[in-house]
Amino acid sequence: MTDIPVILSRVELADWRAVHSWASLPQVCRFQTWGPNTEEQTRAFVATAVRAWSESPQRRFAYVARVGGEAVGMGELRVRSREQRQGEITYAVHPRVWGQGVGTAVGKALLVRGFEDLGLHRVYATCDPRNLGSARVLRKLGMTWEGRHRHTALIRDGWRDSEVFGVLEDEWRTLASRPPRD
(Lines give C-alpha, C1' and ligand atoms only; values in the text may rest on other atoms or scores of the structure.)
Protein backbone atom coordinates (compact mmCIF):
# COMPACT_ATOMS: atom_id res chain seq x y z
CA MET A 1 0.00 0.00 0.00
CA THR A 2 2.93 2.32 0.40
CA ASP A 3 5.89 3.23 -1.75
CA ILE A 4 8.10 4.31 1.16
CA PRO A 5 8.47 2.93 4.70
CA VAL A 6 6.45 4.96 7.20
CA ILE A 7 6.89 4.68 10.98
CA LEU A 8 4.30 6.04 13.41
CA SER A 9 5.41 7.25 16.84
CA ARG A 10 3.65 9.14 19.59
CA VAL A 11 3.61 12.85 18.99
CA GLU A 12 6.03 14.75 21.24
CA LEU A 13 6.35 18.44 22.10
CA ALA A 14 9.56 18.62 20.08
CA ASP A 15 7.56 17.68 16.95
CA TRP A 16 5.77 21.02 16.78
CA ARG A 17 8.13 22.56 14.21
CA ALA A 18 7.72 19.60 11.85
CA VAL A 19 3.94 19.66 12.32
CA HIS A 20 3.98 23.39 11.63
CA SER A 21 5.83 22.81 8.34
CA TRP A 22 2.58 21.43 6.90
CA ALA A 23 -0.07 22.88 9.26
CA SER A 24 0.93 26.36 8.11
CA LEU A 25 0.34 25.58 4.42
CA PRO A 26 -2.94 26.69 2.81
CA GLN A 27 -3.14 23.61 0.56
CA VAL A 28 -2.98 21.24 3.57
CA CYS A 29 -5.80 22.90 5.50
CA ARG A 30 -7.91 23.93 2.51
CA PHE A 31 -10.78 21.63 3.51
CA GLN A 32 -10.34 21.94 7.29
CA THR A 33 -11.82 24.19 9.97
CA TRP A 34 -8.28 24.96 11.18
CA GLY A 35 -5.33 26.68 9.63
CA PRO A 36 -3.21 27.84 8.13
CA ASN A 37 -1.79 27.73 11.64
CA THR A 38 0.37 30.28 13.35
CA GLU A 39 3.32 28.89 15.31
CA GLU A 40 1.36 29.47 18.53
CA GLN A 41 -1.64 27.50 17.21
CA THR A 42 0.57 24.59 16.17
CA ARG A 43 2.36 24.53 19.54
CA ALA A 44 -1.01 24.50 21.33
CA PHE A 45 -2.33 21.70 19.10
CA VAL A 46 0.76 19.54 19.68
CA ALA A 47 0.69 20.20 23.45
CA THR A 48 -2.95 19.10 23.63
CA ALA A 49 -2.21 15.98 21.55
CA VAL A 50 0.73 15.09 23.83
CA ARG A 51 -1.41 15.54 26.98
CA ALA A 52 -4.06 13.21 25.55
CA TRP A 53 -1.62 10.29 25.91
CA SER A 54 -1.81 10.61 29.71
CA GLU A 55 -5.59 10.92 30.03
CA SER A 56 -7.54 8.07 31.54
CA PRO A 57 -9.45 6.63 29.91
CA GLN A 58 -7.49 7.53 26.84
CA ARG A 59 -9.67 8.50 23.89
CA ARG A 60 -7.20 10.26 21.61
CA PHE A 61 -4.12 8.64 20.07
CA ALA A 62 -2.00 11.12 18.10
CA TYR A 63 0.98 9.95 16.06
CA VAL A 64 3.64 11.54 13.91
CA ALA A 65 4.44 9.75 10.65
CA ARG A 66 8.16 9.54 9.98
CA VAL A 67 10.01 8.61 6.82
CA GLY A 68 13.72 8.12 7.28
CA GLY A 69 13.42 9.73 10.73
CA GLU A 70 11.83 12.90 9.33
CA ALA A 71 8.30 13.83 10.44
CA VAL A 72 6.18 14.16 7.27
CA GLY A 73 2.63 13.81 8.59
CA MET A 74 0.31 13.02 11.45
CA GLY A 75 -2.50 10.65 12.14
CA GLU A 76 -5.02 10.41 14.95
CA LEU A 77 -7.40 7.79 16.18
CA ARG A 78 -10.17 9.06 18.44
CA VAL A 79 -12.41 6.71 20.36
CA ARG A 80 -15.80 8.34 19.88
CA SER A 81 -17.73 5.79 21.98
CA ARG A 82 -16.23 3.03 24.11
CA GLU A 83 -19.69 1.59 24.76
CA GLN A 84 -20.52 1.36 21.05
CA ARG A 85 -16.87 0.59 20.12
CA GLN A 86 -16.72 3.42 17.57
CA GLY A 87 -13.65 5.34 16.46
CA GLU A 88 -12.63 8.00 13.96
CA ILE A 89 -9.36 8.42 12.08
CA THR A 90 -7.84 11.61 10.70
CA TYR A 91 -4.54 12.37 9.00
CA ALA A 92 -2.54 15.18 7.43
CA VAL A 93 0.54 14.77 5.27
CA HIS A 94 3.13 17.26 4.02
CA PRO A 95 2.49 18.02 0.31
CA ARG A 96 6.06 17.07 -0.62
CA VAL A 97 5.13 13.41 0.05
CA TRP A 98 1.60 13.47 -1.40
CA GLY A 99 1.02 10.55 -3.75
CA GLN A 100 3.76 8.40 -2.17
CA GLY A 101 1.53 6.25 0.03
CA VAL A 102 2.20 8.03 3.32
CA GLY A 103 -1.48 8.83 4.00
CA THR A 104 -2.44 5.24 3.22
CA ALA A 105 0.26 3.88 5.53
CA VAL A 106 -0.87 6.21 8.32
CA GLY A 107 -4.51 5.20 7.84
CA LYS A 108 -3.68 1.51 7.85
CA ALA A 109 -1.65 1.82 11.07
CA LEU A 110 -4.53 3.70 12.72
CA LEU A 111 -7.00 1.00 11.67
CA VAL A 112 -4.71 -1.71 13.06
CA ARG A 113 -4.58 0.19 16.35
CA GLY A 114 -8.36 0.63 16.43
CA PHE A 115 -9.39 -2.90 15.54
CA GLU A 116 -6.55 -5.06 16.78
CA ASP A 117 -5.40 -3.15 19.87
CA LEU A 118 -8.56 -1.37 21.04
CA GLY A 119 -11.20 -3.85 19.88
CA LEU A 120 -13.34 -1.30 18.05
CA HIS A 121 -16.34 -2.47 16.03
CA ARG A 122 -16.49 0.43 13.55
CA VAL A 123 -14.01 3.07 12.47
CA TYR A 124 -15.00 5.97 10.26
CA ALA A 125 -13.41 8.97 8.59
CA THR A 126 -14.76 12.04 6.85
CA CYS A 127 -13.50 14.25 4.07
CA ASP A 128 -14.67 17.21 2.06
CA PRO A 129 -16.24 15.99 -1.23
CA ARG A 130 -13.71 18.13 -3.13
CA ASN A 131 -10.79 16.36 -1.45
CA LEU A 132 -10.44 13.60 -4.03
CA GLY A 133 -7.00 12.53 -2.78
CA SER A 134 -8.29 11.86 0.72
CA ALA A 135 -11.30 9.95 -0.61
CA ARG A 136 -8.91 7.79 -2.68
CA VAL A 137 -6.88 7.02 0.45
CA LEU A 138 -9.99 6.00 2.39
CA ARG A 139 -11.11 3.70 -0.43
CA LYS A 140 -7.62 2.18 -0.64
CA LEU A 141 -7.91 1.39 3.06
CA GLY A 142 -11.03 -0.65 2.29
CA MET A 143 -13.41 1.83 3.82
CA THR A 144 -16.91 2.00 2.35
CA TRP A 145 -18.54 5.27 1.32
CA GLU A 146 -21.53 5.57 3.65
CA GLY A 147 -22.97 8.86 2.48
CA ARG A 148 -22.73 12.61 2.74
CA HIS A 149 -23.52 14.77 5.74
CA ARG A 150 -24.47 18.26 4.66
CA HIS A 151 -22.98 21.48 6.05
CA THR A 152 -20.96 19.85 8.82
CA ALA A 153 -18.27 22.53 9.09
CA LEU A 154 -17.92 26.21 8.37
CA ILE A 155 -14.58 26.72 6.62
CA ARG A 156 -12.99 29.69 4.87
CA ASP A 157 -15.00 29.35 1.64
CA GLY A 158 -18.37 28.53 3.24
CA TRP A 159 -20.16 25.51 4.59
CA ARG A 160 -18.47 22.18 3.96
CA ASP A 161 -20.21 18.87 3.42
CA SER A 162 -18.54 15.70 4.68
CA GLU A 163 -18.27 12.40 2.86
CA VAL A 164 -18.41 9.60 5.43
CA PHE A 165 -16.41 6.39 4.98
CA GLY A 166 -16.43 3.48 7.40
CA VAL A 167 -15.16 -0.03 7.95
CA LEU A 168 -16.48 -2.69 10.33
CA GLU A 169 -14.38 -5.13 12.33
CA ASP A 170 -15.41 -8.19 10.27
CA GLU A 171 -14.62 -6.31 7.05
CA TRP A 172 -11.26 -5.29 8.52
CA ARG A 173 -10.39 -8.90 9.38
CA THR A 174 -11.09 -9.89 5.77
CA LEU A 175 -9.07 -6.95 4.42
CA ALA A 176 -6.17 -7.56 6.82
CA SER A 177 -5.88 -11.19 5.73
CA ARG A 178 -5.52 -10.26 2.02
CA PRO A 179 -2.25 -9.32 0.33
CA PRO A 180 -1.82 -5.55 -0.21
CA ARG A 181 -3.27 -4.05 -3.39
CA ASP A 182 -2.18 -0.96 -5.31
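Quantities reported herein were computed from a predicted structural model and do not represent experimental measurements. Values reported hereafter were calculated over all heavy atoms of this structure, with side chains retained and with hydrogens, waters and symmetry mates removed.
Annotation: the span from R139 atom CZ to M143 atom CE amounts to 11.5 Å, rounded to 0.5 Å. To the nearest 0.5 angstrom, I89 atom CD1 is 11.0 Å from L120 atom CG. Rounded to the nearest 0.5 Å, atoms CD (E88) and CZ (R59) are 12.5 Å apart. The structure places CG of L141 at 9.0 Å from CG of L175, a figure rounded to the nearest 0.5 Å. To the nearest 0.5 angstrom, L168 atom CG is 10.0 Å from R173 atom CZ.
For residues 13-37, the pairs satisfying salt bridge (Lys or Arg N to Asp or Glu O under 4.0 Å) are D15-R66, with sequence neighbours left out. Residue pairs that meet the salt bridge (Lys or Arg N to Asp or Glu O under 4.0 Å) test with at least one member in residues 97-107, sequence neighbours left out, do not exist here. Within the structure, salt bridge (Lys or Arg N to Asp or Glu O under 4.0 Å) contacts touching residues 90-99 (residues at least two apart or in different chains) are E70-R96. Contacts classified as ring pair (Phe, Tyr, Trp, His ring centres under 6.0 Å) and involving residues 101-123 (residues at least two apart or in different chains) are given here: F115-W172. Screening residues 45-69 for ring pair (Phe, Tyr, Trp, His ring centres under 6.0 Å) gives W53-F61, W53-Y63 as the qualifying pairs, with residues at least two apart or on separate chains.
W159 forms part of a hydrophobic cluster together with L154, judged by ILVMFWY side-chain heavy-atom separations under 4.5 Å.
Legend: residues meeting salt bridge (charged side-chain N to carboxylate O under 4.0 Å, His left out) with D117, ordered by chain and number and at least two apart, are R113. Applying the side chain to side chain contact (heavy atoms under 4.5 Å, CB included) criterion to V67, with sequence neighbours excluded, gives I4, V6, V72, V102. Among residues two or more places apart in sequence or in another chain, the side chain to side chain contact (heavy atoms under 4.5 Å, CB included) test is passed with E40 by T38. Partners of A23 under the side chain to side chain contact (heavy atoms under 4.5 Å, CB included) rule, at least two apart in sequence or in another chain, are V19, W34, N37, T42. For the side chain to side chain contact (heavy atoms under 4.5 Å, CB included) test, residues two or more places apart in sequence or in another chain that qualify with S21 are H94.
Closest approach of P36 to Q41, counting heavy atoms only: O-OE1, 3.9 Å. Listed here is the closest heavy atom pair of L8 and L110: CD2-CD2, 4.3 Å. Closest of all the heavy-atom pairs between G35 and C29 is C-SG, 3.5 Å. For the pair R156 and F31, the tightest heavy-atom approach, listed with the atom from each and the gap, is NH2-N, 4.5 Å. Annotation for G75 and V106: closest pair CA-CG1, 3.6 Å, computed over non-hydrogen atoms. A71 approaches V64 most closely through the heavy-atom pair CB-CG1, 3.3 Å.
Listed for the S177 side chain is a donor-acceptor partner under 3.5 Å among the backbone atoms of T174.
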| request: Go through the steps for R122 and V167 under the test side-chain contact (heavy atoms from CB on, under 4.5 Å), then give the verdict. | output: CA-CA 6 Å; R122 176 176 177 268; V167 61; over 6 Å; no
| field | I155/Q32 under side-chain contact (heavy atoms from CB on, under 4.5 Å): CA gap, chis, key distance, verdict | value | CA-CA 6 Å; I155 63 174; Q32 305 302 325; 5.8 Å; no
| request: Using the side-chain contact (heavy atoms from CB on, under 4.5 Å) rule, take E76 and R60 through it: C-alpha gap first, then chi angles, then the decisive distance, then the call. | output: CA-CA 7 Å; E76 280 196 35; R60 182 178 179 196; 2.8 Å; yes
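Here the side chains of T144 and F165 are not in contact, with every heavy-atom distance at 4.5 Å or above.
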Using atom types as modelled, flag every donor-acceptor pair under 3.5 Å from a side chain in residues 123-137 to any protein atom, sequence neighbours excluded.
{"residue": "D128", "atom": "OD1", "partner": "R130", "partner atom": "N", "Å": "2.8"}
{"residue": "D128", "atom": "OD1", "partner": "R130", "partner atom": "NE", "Å": "3.0"}
{"residue": "D128", "atom": "OD2", "partner": "R130", "partner atom": "NH2", "Å": "2.8"}
{"residue": "R130", "atom": "NH1", "partner": "D157", "partner atom": "OD2", "Å": "2.7"}
{"residue": "N131", "atom": "OD1", "partner": "S134", "partner atom": "N", "Å": "3.1"}
{"residue": "S134", "atom": "OG", "partner": "Y91", "partner atom": "OH", "Å": "2.7"}

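Side-chain contact, S162 with R160: a donor N or O sits under 3.5 Å from an acceptor N or O. No side-chain donor-acceptor contact under 3.5 Å links R80 and Q86.
The cluster map of Ile, Leu, Val, Met, Phe, Trp and Tyr, joined by side-chain heavy atoms under 4.5 Å apart, puts I7 and V97 in different clusters. Connection of W145 to V164 is not established within any shared hydrophobic cluster, with ILVMFWY side chains joined at heavy-atom distances below 4.5 Å, either directly or through further cluster members. Cluster annotation: V28 and V46 are assigned to the same hydrophobic cluster (Ile/Leu/Val/Met/Phe/Trp/Tyr, side-chain heavy-atom contacts under 4.5 Å, transitive).
The pair R10-E12 fails the salt-bridge criterion, with no side-chain N (NZ, NE, NH1 or NH2) lying under 4.0 Å from an Asp/Glu carboxylate O. Comment: R148 engages D161 in a salt bridge, judged by a side-chain N to carboxylate O separation of less than 4.0 angstrom.
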